[in-house]
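When reading the values below, keep in mind they use all heavy atoms of this one structure, side chains included, and skip hydrogens, waters and symmetry mates.
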Amino acid sequence: MFMDQIIENIQSFFLQISKMGLPDYLDILIVGFLVYRLIPMLRASGAMRVVKVIGLLLVISWLTEVFELYTLNFILSMLLDVGLVAIVILFQPELRRMLDHLGNVKWKRFLGIEKQSQEMINVINQTVAACEIMSQQRVGALIVFARDNPMDEYFKRGTMIEAQVSEQLIRNIFFPKAALHDGAMIIRDSKIAAAGCVLPLSDSHSLSADLGTRHRAGVGMSEVSDAVVVIVSEETGTISVAVGGVLKRYLAPQTLGRLLRSELCNEDNGEQRDLPMRLKQRLQKKEKGEE
């Protein structure tokens, strides 16, 4: 009986495909595009736990219906009716972050047509240069690159700056005797928006035991937002980057630059912009070699 039902479902599926027209294909493409763009946003807002729980309940309910487990299916149906309200109550912080995140989405970026400016590449170059020097001097740093999430709640815990990004300013802010060196710096819209900010700590058990508060704050920030966080260790001088709750450690300055360009702007465009400079350098080397 079960195999007959599967065969019947497959035949019904192909029958529906044969009846599809242009509006149906367009409908599927639009839905697929929306799902493709929304899933990364849900991950960034920390709401994937809610989605997983709801998805698991729906799959189990469907399986009980397929295998004709009517009693279990009835219980799950009752749980779904009451459970959705319970999920909203239990996962209220995650849902609030998800709604805040979706409410601050830039439509150009959502549609994939937003163009990155040369200004962001300059910001990345200044940041990489500062991190390289601070790594050599064993100066701790915590730099947050905000993307879609505005993170206004973290600005309140720090000091508003709204200044152009430069290597000297970054190093001055994280100078060990400076007033703001203990907190995090937040870069938004290619400017240093605030410094001395307090970030949420990650409670992940997968992090190494030798990581301190600065690294846990960086990972915690990447867990609750779509931000890209750069950490320079005060003890070892190693450079790390946290994205989506994942920490990448022991990065060279060149690797840091490539990673930031791939996360914050179109790296292909950046390479095309750098192409004339690379050609010029090669010509200069060739002329020196001929001389």
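One distance of note links NZ of Lys191 with CD1 of Ile186; it measures 16.0 Å at 0.5 Å rounding. The CZ atom of Phe74 lies 12.5 Å from the OG1 atom of Thr64; values are rounded to the nearest 0.5 Å. If you take CD on Glu119 and SG on Cys265, they are separated by 12.0 Å, rounding to the nearest 0.5 Å. The CD1 atom of Ile192 sits 5.0 Å away from the CD1 atom of Ile170 when rounded to the nearest 0.5 Å. Separation of atoms CZ (Arg157) and CG (Leu199) is listed at 8.5 Å; rounding is to 0.5 Å. Atom CE of residue Met185 and atom CG of residue Leu142 lie 9.5 Å apart, to the nearest 0.5 angstrom.
Panel note: side chain Asn125, backbone Ile121; a donor-acceptor pair is recorded below 3.5 Å.
Residues Leu247 and Ser208 have side chains not in contact (no heavy-atom distance under 4.5 Å, counting atoms from C-beta outward). The closest side-chain heavy-atom distance from Ser61 to Asn73 is below 4.5 Å. A 4.5 Å side-chain heavy-atom check between Leu201 and Thr213 finds at least one atom pair inside the cut-off. Looking only at side-chain heavy atoms (C-beta outward), Arg138 and Glu235 stay at 4.5 Å or farther from each other. For the pair Leu211/Arg249, a side-chain contact is recorded, criterion being any heavy-atom separation below 4.5 Å from C-beta on. The closest side-chain heavy-atom distance from Glu263 to Arg147 is below 4.5 Å. Residues Ile231 and Val219 fail the side-chain proximity criterion, which asks for heavy atoms closer than 4.5 Å. Between Phe145 and Thr127 there is a side-chain heavy-atom pair separated by less than 4.5 Å.
Between Ala130 and Arg171, the shortest heavy-atom contact is CB-CG, 4.1 Å. Residue Gln126 comes nearest to Val165 through the heavy atom pair CG-O, 3.9 Å, listed as atom of the first residue, atom of the second, then distance. Scanning all heavy atoms of the two residues, the minimum distance from Val128 to Gly257 falls at CG2-CA, 3.7 Å. Contact record, Ala242 with Gly218: CB-O, 3.7 Å, taken as the closest heavy-atom pair. Residue Phe155 comes nearest to Ala194 through the heavy atom pair CD1-CB, 4.0 Å, listed as atom of the first residue, atom of the second, then distance. When all heavy atoms of Tyr154 and Val224 are compared, the pair lying nearest together is OH-CG2, 3.7 Å.
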**Study point:** Evaluation steps, side chain to side chain contact (heavy atoms under 4.5 Å, CB included), between Leu260 and Val123
**Key:** CA-CA 10 Å; Leu260 291 179; Val123 168; over 6 Å; no
Exercise for review: Give the intermediate values and the outcome of side chain to side chain contact (heavy atoms under 4.5 Å, CB included) for residues Ser233 and His215.
Suggested key: CA-CA 8 Å; Ser233 173; His215 288 81; 3.8 Å; yes
**Study point:** Steps toward side chain to side chain contact (heavy atoms under 4.5 Å, CB included) verdict (Cys131, Leu251)
**Key:** CA-CA 11 Å; Cys131 289; Leu251 301 179; over 6 Å; no
Review point. Yes or no on side chain to side chain contact (heavy atoms under 4.5 Å, CB included) for Glu167 and Met134, after CA distance, side-chain angles and deciding distance?
Key: CA-CA 10 Å; Glu167 171 201 332; Met134 290 188 294; over 6 Å; no
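Ile75 and Val59 fall within a single hydrophobic cluster, where Ile, Leu, Val, Met, Phe, Trp and Tyr are joined by side-chain heavy atoms under 4.5 Å apart, directly or via other members. Hydrophobic clustering, with ILVMFWY side chains joined whenever heavy atoms are under 4.5 angstrom apart, groups Val66 together with Ile60. When the side chains of ILVMFWY residues are joined at heavy-atom separations under 4.5 Å, either directly or via intervening members, Leu56 and Leu69 end up in a single hydrophobic cluster. Placement of Ile133 and Val232 in two distinct hydrophobic clusters is found when ILVMFWY residues are connected by side-chain heavy-atom separations under 4.5 Å, directly or transitively. Residues Phe175 and Val139 are members of separate hydrophobic clusters, defined by side-chain heavy-atom contacts under 4.5 angstrom among Ile, Leu, Val, Met, Phe, Trp and Tyr.
If you check the side chains of Ser204 and Ser202, you find no donor sitting under 3.5 Å from an acceptor.
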